Participant: 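One structure, as structure tokens, below. Some questions next.
Read the numbers this way: they start at 1 and go in the same order the structure lists the ligands and their atoms. This one's a predicted model, so the numbers in the text were calculated from it and none came from an experiment.
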Amino acid sequence: MPILVPPSEQYKASFLDAVREAQATGSGLGDTLTWNVEEAEADFGPLLAALCRFEPPAELPAGYVHAEYRWLVEGDTYLGRVSLRHTLNDRLREFGGHIGYEIRPGARGQGHGKRILALALDRARELGLPRVLVTCDVDNLASRGVIEANGGGLEGEFEVPQYHDKPIRRYWITL
Ligand SMILES: CC(C)(COP(=O)(O)OP(=O)(O)OC[C@H]1O[C@@H](n2cnc3c(N)ncnc32)[C@H](O)[C@@H]1OP(=O)(O)O)[C@@H](O)C(=O)NCCC(=O)NCCS
């Protein structure tokens, strides 16, 4: 069964394969598509440091909230990643929400998306959050399926032109 772990050197080869996969297909979250694989291959430390820079008790740059990244792995294989923001700010309340996730292109359609969100909800419960906001593009049917399978209640569909160029859905999940 895949589990959530903190990002670590142990999964470097598999993680970088997944980033290459995402960049080759153009399908993944923004930073996955822009990581410099050659630099990360040569020195994985800066990437790991970037992924934990918002974890408490880190001091935050203006406009950021505390957050943690976790990887979904099975054995040494990287399957996907999730970020869990511990609070919302005005922007995240509009677009982005508490939780964002992606599954590597080659591992989609096997239930990993549902599982990564379910595990992130367990972690949100541990943190004491009473409910979480999850947003997705209206036309992202896979993400809608993931959220709805995890009990997401639809707040509505919204245009958020200041943050994103497509209409989005906001869902709340009570923990
Ligand atoms: C969204 C994403 C995480 C889904 O991951 P996944 O592992 O393929 O999802 P699952 O296999 O758990 O599927 C969950 C449900 O979504 C629906 N679904 C999955 N793929 C779908 C597709 N291509 N079209 C329509 N519905 C789909 C199904 O209802 C499925 O449940 P079912 O298999 O019981 O019918 C993945 O597509 C991804 O990483 N996309 C790019 C990044 C992204 O969009 N992240 C979300 C931002 S909000």
Side-chain angles (χ1 to χ4, degrees), residues 1-5 7 11 14-35 37 47 50-51 54 64-65 67-124 129 131-175:
M1 245 338 197
I3 55 168
L4 281 190
V5 297
Y11 311 100
S14 181
F15 172 80
L16 292 177
D17 277 349
V19 173
R20 281 190 205 95
E21 208 173 281
Q23 293 183 353
T25 57
S27 177
L29 297 183
D31 48 1
T32 302
L33 298 179
T34 53
W35 289 119
V37 177
L47 188 143
L51 291 178
F54 302 126
Y64 285 83
V65 299
E68 57 193 50
Y69 283 88
R70 292 293 179 266
W71 287 353
L72 186 74
V73 299
E74 192 160 27
D76 285 341
T77 302
Y78 169 93
L79 295 170
R81 55 114 170 190
V82 61
S83 48
L84 171 61
R85 292 125 206 159
H86 293 188
T87 53
L88 298 178
N89 57 20
D90 289 347
R91 178 201 160 103
L92 292 167
R93 173 65 184 84
E94 290 288 308
F95 169 65
H98 287 94
I99 298 177
Y101 44 80
E102 78 181 319
I103 297 298
R104 65 187 294 175
R108 291 183 192 163
Q110 302 167 37
H112 296 314
K114 287 192 278 195
R115 178 153 176 84
I116 204 169
L117 180 55
L119 292 172
L121 295 175
D122 288 345
R123 175 66 185 137
L129 298 183
R131 61 179 195 149
V132 294
L133 176 66
V134 188
T135 74
C136 69
D137 290 356
V138 167
D139 65 5
N140 192 339
L141 299 182
S143 193
R144 282 167 56 163
V146 164
I147 300 166
E148 288 167 12
N150 277 284
L154 185 65
E155 179 182 295
E157 295 189 354
F158 304 90
E159 304 272 354
V160 286
Q162 66 276 45
Y163 302 120
H164 194 58
D165 57 1
K166 291 165 95 178
I168 61 155
R169 286 187 152 208
R170 285 193 205 117
Y171 290 91
W172 288 95
I173 303 174
T174 303
L175 299 174

Participant: Considering both backbone and side-chain atoms of N140, is one of its nitrogen or oxygen atoms within less than 3.5 Å of a nitrogen or oxygen in ligand 1?
Facilitator: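 N/O-N/O distance under 3.5 Å: yes.
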Participant: Can you find a protein heavy atom closer to atom 21 (C) of ligand 1 than 4.0 Å?
Facilitator: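 Under 4.0 Å from atom 21 (C) of ligand 1, at least one protein heavy atom found.
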Participant: Could you tell me whether the side chain of S14 and the main chain of T77 form a donor-acceptor pair under 3.5 Å?
Facilitator: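 Between the backbone of T77 and the side chain of S14 there is no qualifying donor-acceptor contact (under 3.5 Å).
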Participant: Which of the numbered atoms in ligand 1 are below 4.0 angstrom from a heavy atom of R108?
Facilitator: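 Contacts of ligand 1 toward R108, numbered from 1: 7 (O), 8 (O), 36 (C), 37 (O), 38 (C), 39 (O), 40 (N), 41 (C).
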Participant: Numbering the atoms of ligand 1 from 1, which are under 4.0 Å from a heavy atom of C136?
Facilitator: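 The atoms of ligand 1 under 4.0 Å from a heavy atom of C136 are 48 (S).
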Participant: Pick one: which of L29, L84, L119, V134 meets side-chain contact (heavy atoms from CB on, under 4.5 Å) with Y101?
Facilitator: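 Result: among L29, L84, L119, V134, V134 is the only option passing the side-chain contact (heavy atoms from CB on, under 4.5 Å) with Y101.
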Participant: Which of the numbered atoms in ligand 1 are below 4.0 angstrom from a heavy atom of G109?
Facilitator: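 That gives atoms 6 (P), 7 (O), 8 (O), 11 (O) of ligand 1.
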Participant: Mind telling me whether W71 and Y11 have parallel, tilted or perpendicular rings, with 30° and 60° as the class edges?
Facilitator: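 Correct class here is perpendicular.
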Participant: Can you check atom 14 (C) of ligand 1: any protein non-hydrogen atom closer than 4.0 Å?
Facilitator: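 Looking at atom 14 (C) of ligand 1, one finds that a protein heavy atom does lie closer than 4.0 Å.
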Participant: I'd like to know whether S83 forms a side-chain hydrogen bond (donor to acceptor under 3.5 Å, both in side chains) with R81, so could you lay out the CA-CA distance, the side-chain angles of the two residues, the decisive distance to 0.1 Å, and finally the verdict.
Facilitator: CA-CA 7 Å; S83 48; R81 55 114 170 190; 5.0 Å; no
Participant: If the threshold is 4.0 Å, N to carboxylate O, is there a salt bridge linking E155 and R93?
Facilitator: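 Counted as a salt bridge, because a side-chain N and a carboxylate O are separated by less than 4.0 Å.
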Participant: How far is atom 28 (C) of ligand 1 from its nearest protein heavy atom, and which residue and atom is that?
Facilitator: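 Residue, atom and distance for the closest contact: G145 CA, 4.6 Å.
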Participant: Distance to 0.1 Å, residue and atom name: give those for the protein heavy atom nearest to atom 3 (C) of ligand 1.
Facilitator: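 Going atom by atom, the protein heavy atom closest to atom 3 (C) of ligand 1 ends up being Y101 CD1, 3.6 Å.
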Participant: What protein heavy atom is closest to atom 27 (C) of ligand 1, reported as residue, atom name and distance in Å?
Facilitator: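 That would be A142 CA, 3.5 Å.
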Participant: So do R144 and Y171 actually touch side chain to side chain, heavy atoms under 4.5 Å?
Facilitator: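 Sidechains of R144 and Y171: in contact.
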Participant: Any idea which atoms of ligand 1 are less than 4.0 Å away from a heavy-atom of S143?
Facilitator: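 Result: 1 (C), 46 (C), 48 (S).
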Participant: Kindly state if atom 30 (C) of ligand 1 has a protein heavy atom within a strict 4.0 Å cut-off, that is, under 4.0 Å?
Facilitator: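 No, there is none.
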Participant: Can a protein heavy atom be found under 4.0 Å away from atom 5 (O) of ligand 1?
Facilitator: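 At least one protein heavy atom is under 4.0 Å away.
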Participant: Considering non-hydrogen atoms of the protein only, which is the closest contact for atom 39 (O) of ligand 1, and what is the distance?
Facilitator: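 Here the closest protein heavy atom is I103 N, 2.8 Å.
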Participant: Could you establish whether G111 and ligand 1 come within less than 4.0 Å of each other, counting only heavy atoms on the residue side?
Facilitator: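 It does; at least one heavy atom falls under 4.0 Å.
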Participant: Give, for atom CG of N150 and atom CZ of R115, the distance between the pair rounded to the nearest 0.5 Å.
Facilitator: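 If we round to the nearest 0.5 Å, N150:CG and R115:CZ are 11.0 Å apart.
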Participant: Any nitrogen or oxygen of Q110, side chain or backbone, less than 3.5 Å from one on ligand 1?
Facilitator: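 Yes: some nitrogen or oxygen of Q110 is under 3.5 Å from one in ligand 1.
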Participant: Starting from atom 24 (N) of ligand 1, what is the nearest protein heavy atom, named by residue and atom, and what distance separates them?
Facilitator: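 For this ligand atom, the closest protein heavy atom is L141 CB, 4.1 Å.
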Participant: Quick one: nearest non-hydrogen protein atom to atom 12 (O) of ligand 1, plus distance?
Facilitator: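 Scanning the protein heavy atoms, the shortest distance from atom 12 (O) of ligand 1 goes to K114 N, 2.9 Å.
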Participant: Keeping the roles fixed (side chain from Q23, backbone from L33), state whether a donor-acceptor pair exists under 3.5 Å.
Facilitator: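 Side chain of Q23 to backbone of L33: a pair is present.
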Participant: Which ligand 1 atoms are under 4.0 Å away from a heavy-atom of E102?
Facilitator: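 Numbered from 1, ligand 1 contributes 39 (O), 42 (C).
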Participant: First locate atom CG of L121, then atom CD1 of I173, and finally report the distance between them rounded to the nearest 0.5 Å.
Facilitator: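 The CG atom of L121 sits 4.5 Å away from the CD1 atom of I173.
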Participant: Below the 3.5 angstrom mark, is there an N/O of A107, backbone or side chain, next to an N/O of ligand 1?
Facilitator: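 Min N/O separation from ligand 1 is not below 3.5 Å for A107.
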Participant: Tell me which part of T135 gets within contact of ligand 1: side chain, backbone, both or neither, using heavy atoms under 4.0 Å.
Facilitator: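 For T135, the contact with ligand 1 is made by the backbone alone.
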